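Okay, structure first, notes after.
Any value given below was found using the heavy atoms of this structure, including those in side chains, with hydrogens, waters and symmetry copies removed. Quantities reported herein were computed from a predicted structural model and do not represent experimental measurements.
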Amino acid sequence: MLSPARNSRPPRRVRNSTALAAVALGATLALTSATAQAAAPAPRHYVALGDSYAAGAGVPGQSAGLCLRSDHNYGHLVAASLGAKAYTDVTCSAAKVKAMTQPQYDAFLKVNDPQLDAVTADTDLVTLGIGGNDLGVTDLGVGDVIATCVAGAVVNPLGTPCRDVFNHGYWDWSSLSWQYGQDDLAARIEGARPQLADALRRIHAKAPRAKVLLVGYPSVLPADGASCVLRQPIAPRDIPYLHATLQRLNAMLASTAAANGAVYVDTATPTAGHDACSDDRWVEGALPGSPAVPFHPNATGEKAMADAVLAALR
């Protein structure tokens with residue numbers, strides 16, 4: 001005959017069911033907590049700043065004239081996902097860092113006001129994607145670099161005509177080898193650093209409570225030029241140089257963000273393998289297969305960039 005103490009214990013099946021229920025409840029609470037932590041609060045006033053990669057140049061639907069601003073750029077997608085109470089998009093194609101504080105002109109026509117004018121004291125979220133156009137010396141910005149590389153490939157498709165121009169390549173008879181001098185693109189990237197730092201400080205001064213995200217550039221070209229043969233009008237041996245230049249630009253953006261109270265958003269990693277030479281392009285090439293300006297993100301690329309921004313906000 002069982003003792004009273006043992007009679008008071010619930011059957012094993014009941015005990016197991018109770019334990020399982022407790023585990024399930026704990027998992028549900030943990031999941032709910034994690035979801036709550038992952039969800040970024042809805043901003044009161046989100047301002048998107050930047051160039052054509054931020055504007056979504058060529059991606060339908062377009063507005064703002066020569067700024068080529070898309071209603072499906074990553075700023076719009078982020079604003080919709082967060083449920084922003086107010087959203088201001090002043091991104092503009094061909095914008096250089098100086099466009100943060102100066103009006104932007106194209107062929108002597110004013111196309112945009114100083115972008116920092118849109119940042120106000122109630123702004124609590126800012127995304128900024130800028131710096132690429134400072135690689136160029138005219139109003140075309142990075143279009144200068146692309147045009148030079150494409151033109152060089154026409155006359156020297158098996159060489160490194162693009163790098164030879166910007167990295168001052170020359171044949172050294174004393175060593176019987178090809179040598180390089182100053183890298184103009186590397187110098188221009190460093191030249192943009194103090195202007196960018198100043199722009200970030202100005203954003204913080206105008207909107208002290210704003211979270212500021214500096215958005216990097218996606219993977220436009222692969223590290224190896226083999227996949228670009230007969231796909232893009234750039235000499236395959238120039239591809240590694242251009243890839244390394246974009247890496248250098250992103251590294252400058254990341255370090256400048258860290259030094260000036262901003263969060264750097266890496267968009268190169270999530271878009272790797274979807275460059276202009278890939279079979280599944282999120283960044284279009286010289287002849288876009290989806291609506292986008294050449295060598296710029298298409299709608300899928302802008303979505304990937306938006307996802308990277310949202311991940312950085314969690």
[Y] and [X] side chains, donor-acceptor separation under 3.5 Å:
X	Y	result
Ser255	Arg193	yes
Asp266	Thr269	yes
Trp282	Asp275	no
Ser177	Gln179	yes
His45	Asp122	yes
Asp184	His168	yes

What heavy-atom pair brings [X] and [Y] nearest, and what distance separates the two atoms?
X	Y	result
Gly56	Asn73	N-CB, 3.8 Å
Asn133	Lys96	O-CE, 3.3 Å
Gln232	Ala286	OE1-N, 2.8 Å

**OP:** Output yes when a side-chain donor or acceptor of Thr267 lies under 3.5 Å from a complementary backbone atom of Met305, and no otherwise.
**Re:**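 Judged by distance alone, no pair lies under 3.5 Å.
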**OP:** Carefully, step by step, assess Asp172 and Ser174 under the rule side-chain hydrogen bond (donor to acceptor under 3.5 Å, both in side chains).
**Re:** CA-CA 6 Å; Asp172 180 26; Ser174 63; 2.8 Å; yes
[X] versus [Y]: any side-chain heavy-atom pair under 4.5 Å?
X	Y	value
Gln195	Asp198	no
Val212	Val263	no
Val119	Lys206	yes
Ser93	Cys67	no
Tyr264	Asn250	yes

Roughly how far, to the nearest 0.5 Å, is the [atom2] atom of [Y] from the [atom1] atom of [X]?
X	Y	atom1	atom2	value
Leu116	Met100	CG	CE	6.0 Å
Ile130	Leu49	CD1	CG	8.5 Å
Asp106	Asp139	CG	CG	5.5 Å

**OP:** Just say parallel, tilted or perpendicular for the rings of Tyr46 and Tyr87, cut-offs at 30° and 60°.
**Re:**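 Rings of Tyr46 and Tyr87: tilted, as their planes differ by 30° to 60°.
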Original post:
Is the Tyr53 ring parallel, tilted or perpendicular to the Tyr217 ring (thresholds 30°, 60°)?
Top reply: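 The rings of Tyr53 and Tyr217 stand perpendicular, inter-plane angle above 60°.
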Subject >> Listed once per pair and sorted, the salt bridge (Lys or Arg N to Asp or Glu O under 4.0 Å) pairs that draw on residues 283-301, sequence neighbours left out >> reply: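 Only Arg281-Glu284 qualify under salt bridge (Lys or Arg N to Asp or Glu O under 4.0 Å).
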Original post:
For Trp171, does the CH2 atom sit with more than 12 other heavy atoms under 6.0 Å from it, leaving out its own atoms?
Top reply: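 Yes, because the 6.0 Å sphere around CH2 of Trp171 holds more than 12 heavy atoms from other groups.
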For a quick test of your reading: what N or O donor-acceptor pairs under 3.5 Å do the side chains of residues 234-243 make, sequence neighbours left out?
| residue | atom | partner | partner atom | Å |
| --- | --- | --- | --- | --- |
| Arg237 | NH1 | Leu158 | O | 3.2 |
| Asp238 | OD1 | Arg163 | N | 3.1 |
| Asp238 | OD2 | Cys162 | N | 2.7 |
| Tyr241 | OH | Asp183 | OD1 | 2.9 |
| His243 | ND1 | Leu221 | O | 3.0 |

**OP:** From the options Val215, Leu214, Val78, Thr91, select the one residue that forms a side-chain contact (heavy atoms from CB on, under 4.5 Å) with Thr127.
**Re:**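 When Val215, Leu214, Val78, Thr91 are each tested with Thr127, the side-chain contact (heavy atoms from CB on, under 4.5 Å) holds only for Val215.
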